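Take a look at the structure below.
These figures come from a predicted structure and were not determined experimentally. Atoms within a ligand are numbered from 1 in the order they appear, just like the ligands themselves. The figures here come from the full heavy-atom set of this structure, side chains too, leaving out hydrogens, waters and symmetry mates.
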Amino acid sequence: MNIILIGFMGTGKSVVGRLLAHELKLDFLDLDSLIERTEKKSVSQIFKENGEGQFRDLESRVVKTLQDYDKFVIATGGGVVLRPENIAALKAAGKLVLLWAEPEQIFERTAKEKQRPLLNVADPMSEIKKILAGREALYRQAADLTVDTTGLKVEDVVREIIAWLK
Ligand code: S3P
């Protein structure tokens, strides 16, 4: 069994995942980093050179390999819920924890970073609201647990997840 973090960009999946893995003495796996290591390219580069469609194919391929993992905390990319086959594979591999955040908080957390191709646009706030609205139902339906991280510290989020696991 694995614990799999899903949720929008900037909800803290990687940072929460690392601390959660440390606290539970599990290994940590970040799917975007795994794609970057196998492709020897950054996610931004893959989007730019190959397009989003090819990134989604790589993402689905990596998600399928999760059946070989056990006792990991796994952070996924924000768009992993877009394909029903991904959700099915994630559910077969572990418990899904949704990290939720309000658009304003997502904007604050992602504003300074440029490595997210989907938010590298003239008006990122509108883009966040638009993409989040399109995905909200997918995130919520897939989740076994939802943690609203708005205003919470990483430690608080980790504590909530551990309390739920017990
Ligand atoms: C994406 C989220 C990113 C990354 C890619 C696409 C998305 O991951 O997979 O840029 O569609 O929401 P993070 O959620 O880790 O930023």
Side-chain angles (χ1 to χ4, degrees), residues 2-21 27-66 69 72-87 89-90 93-94 96-143 145-150 152 154 157-158 161:
N2 302 293
I3 300 161
I4 302 170
L5 303 179
I6 61 169
F8 203 75
M9 299 168 264
T11 53
K13 297 179 299 272
S14 300
V15 54
V16 166
R18 255 188 217 101
L19 183 61
L20 182 64
D27 288 309
F28 174 70
L29 178 71
D30 185 298
L31 293 192
D32 278 346
S33 307
L34 186 57
I35 294 170
E36 293 183 330
R37 281 203 300 277
T38 47
E39 294 304 303
K40 299 188 177 61
K41 275 186 194 181
S42 68
V43 169
S44 309
Q45 257 178 309
I46 300 172
F47 265 73
K48 194 152 41 154
E49 294 170 16
N50 311 88
E52 180 172 350
Q54 203 160 320
F55 173 77
R56 297 296 172 206
D57 289 343
L58 293 169
E59 186 172 50
S60 295
R61 201 181 303 160
V62 161
V63 165
K64 279 204 198 88
T65 68
L66 293 184
Y69 289 80
F72 274 74
V73 174
I74 300 167
T76 59
V80 80
V81 294
L82 291 171
R83 291 190 178 176
E85 70 193 72
N86 291 348
I87 297 181
L90 293 175
L96 267 56
V97 176
L98 168 62
L99 301 188
W100 183 256
E102 294 306 321
E104 292 71 19
Q105 180 104 77
I106 290 170
F107 179 74
E108 271 172 39
R109 289 181 188 158
T110 55
K112 281 177 245 95
E113 303 164 11
K114 285 275 165 267
Q115 85 274 24
R116 291 189 171 90
L118 293 178
L119 301 183
N120 220 344
V121 295
D123 182 1
M125 186 63 188
S126 305
E127 198 65 15
I128 289 167
K129 285 186 175 157
K130 190 178 85 188
I131 305 176
L132 190 59
R135 291 182 185 171
E136 175 163 8
L138 295 172
Y139 286 135
R140 294 204 185 270
Q141 276 161 25
L145 168 74
T146 300
V147 179
D148 188 351
T149 71
T150 310
L152 290 190
V154 173
V157 178
V158 168
I161 298 170

Self-check item: Side chain T149, main chain L99, donor-acceptor under 3.5 Å
Solution: no

Quiz prompt | F47: partners by ring-ring contact (aromatic ring centres under 6.0 Å, His included), with sequence neighbours left out | solution = F55

Quiz prompt | For ligand 1, the residues whose heavy atoms come within less than 4.0 Å (ordered by chain, then number) | solution = M9, K13, D32, V43, F47, F55, R56, G77, G78, G79, R116, P117, L118, R135

Quiz item: Quick one: does N86's side chain have a donor or acceptor within less than 3.5 Å of a partner on V80's backbone?
Solution: yes

Practice problem: Scan for side-chain hydrogen bond (donor to acceptor under 3.5 Å, both in side chains) pairs involving residues 131-141, sequence neighbours excluded, and state none if there are none. | Solution: R135-Y139, E136-R140

Quiz item: Under the side-chain hydrogen bond (donor to acceptor under 3.5 Å, both in side chains) test, which residues partner E52, sequence neighbours left out?
Solution: R56

Practice problem: Return yes if some donor-acceptor pair links the side-chain N/O of K13 with the main-chain N/O of I4 below 3.5 Å, else return no. | Solution: no

